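The basis for the numbers below is simple: all heavy atoms, side chains too, and nothing from hydrogens, waters or symmetry mates. Here is the naming used below: chain letters follow the sequence lines, and residue numbers restart at 1 for every chain. None of these values were measured; they are calculated from a predicted model.
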2 protein chains.
Amino acid sequence: MSEAIKDLLKKNHMSVTDSRLQILDMFYHAPGALAHADIEKKASDKIDRVTIYRTLQTFEEKGIIHTIPTADNSVKYALCKDRCEEGHHHDNHVHFVCDKCGKTICLDDVHVPEVKLPKGFQPQQSNMVVNGFCSDCRS
Amino acid sequence: MSEAIKDLLKKNHMSVTDSRLQILDMFYHAPGALAHADIEKKASDKIDRVTIYRTLQTFEEKGIIHTIPTADNSVKYALCKDRCEEGHHHDNHVHFVCDKCGKTICLDDVHVPEVKLPKGFQPQQSNMVVNGFCSDCRS
DNA sequence: ACATATTTGCAATTATGTTGCAAATTTTAT
DNA sequence: ATAAAATTTGCAACATAATTGCAAATATGT
Ligand SMILES: [Mn+2]
Ligand SMILES: [Mn+2]
Ligand SMILES: [Zn+2]
Ligand SMILES: [Zn+2]
């Protein structure tokens with residue numbers, strides 16, 4: 001359990017606890033985004049469901065992770081890499097969901113393009129999710 | 001309850017029932033996308049929750065309505081206007097969600113732009129949702 | 001009008017998420 | 001190092017959303 005993770009918690013003014021270290025560690029080693037259920041399963045020494053909900057919520061508020069709006073309306077989370085801050089995210093990258101392996105991936109370098117909206121619409125935030133086959137799964 | 005709605009059901013090889021007529025009618029007269037809860041409330045002579053779930057699922061399978069992946073992971077539905085077919089949708093338009101009034105709108109004329117993905121990713125379907133203020137709500 | 005096929009509503013079950021609170025843990029002050 | 005204060009955790013209870021099996025009701029084809 002790396003020292004860097006502990007530091008991240010401290011940098012964000014959060015108490016350093018086992019659950020938080022363990023969950024953050026999962027995110028750092030995960031191949032893609034994680035759902036609540038993924039975390040619940042992977043947690044070696046069991047973490048309570050409620051603690052997981054609260055930890056995810058706290059991480060999200062602190063700008064450590066962001067939620068990903070997938071097409072099937074399931075909630076997934078991934079680390080923020082865009083120096084998000086407490087209370088305000090700016091992860092404006094595209095997300096990819098593999099229809100075969102189910103992996104959900106942040107395409108950190110692919111920005112969500114602007115679109116021209118009809119008269120009167122005032123955009124604030126855009127989300128884009130692409131479904132298809134990831135590099136591991138295309139045939 | 002228009003005859004056209006009845007015909008739409010027949011054209012799609014579905015039995016014509018009160019629930020279906022009533023729900024389809026709602027979609028035709030709604031100002032935006034509808035959530036399961038919206039339908040449950042509006043139904044004049046009460047339709048069972050389960051029937052609503054099943055009706056929405058059937059409509060979706062038949063290519064009559066499509067789901068909208070909102071940023072807050074709530075499920076909304078709207079009529080397909082892009083001649084979707086049984087089993088395969090191709091609603092490739094942008095969706096707009098108003099942060100003030102909550103209305104969710106299909107921007108049928110705004111196509112989801114293509115994005116260049118990293119090497120190896122094979123896109124199949126893209127979704128884009130824009131949040132902001134709709135024409136009625138901007139100040 | 002009847003037989004057949006489909007849909008509906010109900011009850012039971014499962015999944016997902018939230019809240020209050022006491023006990024445990026972590027942090028801060030001494 | 002110890003104690004007090006602050007925060008976090010786990011449990012139980014609750015709330016909400018969604019799914020399933022099945023019998024009764026309704027719709028369809030003849
Ligand atoms: Mn991301
Ligand atoms: Mn739409
Ligand atoms: Zn894959
Ligand atoms: Zn609005």
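Rounded to whole Å, the distance from NE2 on His36(B) to C1' on dT16(C) is 16 Å. Taking atom CD on Gln57(A) and atom P on dT16(C), their separation rounds to 18 Å, with Å as the unit. Per the geometry, CD belonging to Glu60(A) stands 15 Å off C1' belonging to dG17(C), to the nearest Å. Here the C1' atom of nucleotide dG17(C) and the CZ atom of Arg54(A) are 12 Å apart, to the nearest Å. Following rounding to the nearest Å, Asn73(B) (CG) and dA18(D) (C1') show an atom-to-atom distance of 15 Å. Computed from coordinates, the His13(B) NE2 to dT7(C) C1' distance equals 18 Å when rounded to whole Å. Between Ile47(B) atom CD1 and dG9(C) atom C1' the separation is 12 Å, expressed in whole Å. Atom NZ in Lys10(B) sits roughly 11 Å away from atom C1' in dA27(D) (whole-Å rounding).
Ser15(A) has no side-chain polar atom (N or O) that falls below the 4.0 Å cut-off from OP1 or OP2 of dT7(D). Side-chain N/O atoms of Arg20(B) include one lying less than 4.0 angstrom from OP1 or OP2 on dT7(C). The side chain of Thr17(B) contributes an N or O atom lying less than 4.0 Å from OP1 or OP2 of dT8(C).
The nearest heavy atom of DNA chain D to Met14(A) and to Met14(B) marks one nucleotide each, and the one closer to the 5' end goes with Met14(A). Between Val50(A) and Val50(B), the one whose closest nucleotide on DNA chain C sits nearer the 5' end is Val50(B).
Taking each heavy atom of Lys103(A) and Asp136(A) in turn, the nearest pair found is NZ-OD2, 3.1 Å.
Considering only residues two or more places apart in sequence or on other chains, Lys76(B) meets the salt bridge (charged side-chain N to carboxylate O under 4.0 Å, His left out) condition with none of them.
The line from CD1 of Ile64(B) to CG of Leu9(B) is 6.0 Å long, rounded to the nearest 0.5 Å.
The base of dG17(C) sits within donor-acceptor range of the side chain of Arg49(A), with an N or O pair under 3.5 Å.
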Please table the atom pairs, donor to acceptor, closer than 3.5 Å between any side-chain atom in residues 28-39 of chain B and protein atoms at least two apart or in another chain.
{"from": "His29(B)", "atom 1": "ND1", "to": "Asp25(B)", "atom 2": "O", "distance (Å)": "3.0"}
{"from": "His29(B)", "atom 1": "ND1", "to": "Asp25(B)", "atom 2": "OD2", "distance (Å)": "3.4"}
{"from": "His36(B)", "atom 1": "NE2", "to": "Arg49(B)", "atom 2": "O", "distance (Å)": "3.3"}
{"from": "Asp38(B)", "atom 1": "OD2", "to": "Ala35(B)", "atom 2": "N", "distance (Å)": "2.7"}

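Considering only the side chain of Tyr53(B), dA17(D) comes nearest among dG10(D), dA17(D), dT28(D). Closest contact between the side chain of Asp48(A) and the listed nucleotides dC11(D), dT9(D), dG17(C) involves dC11(D).
Between the side chain of His66(A) and the backbone N or O of Lys81(A), no donor-acceptor pair lies under 3.5 Å.
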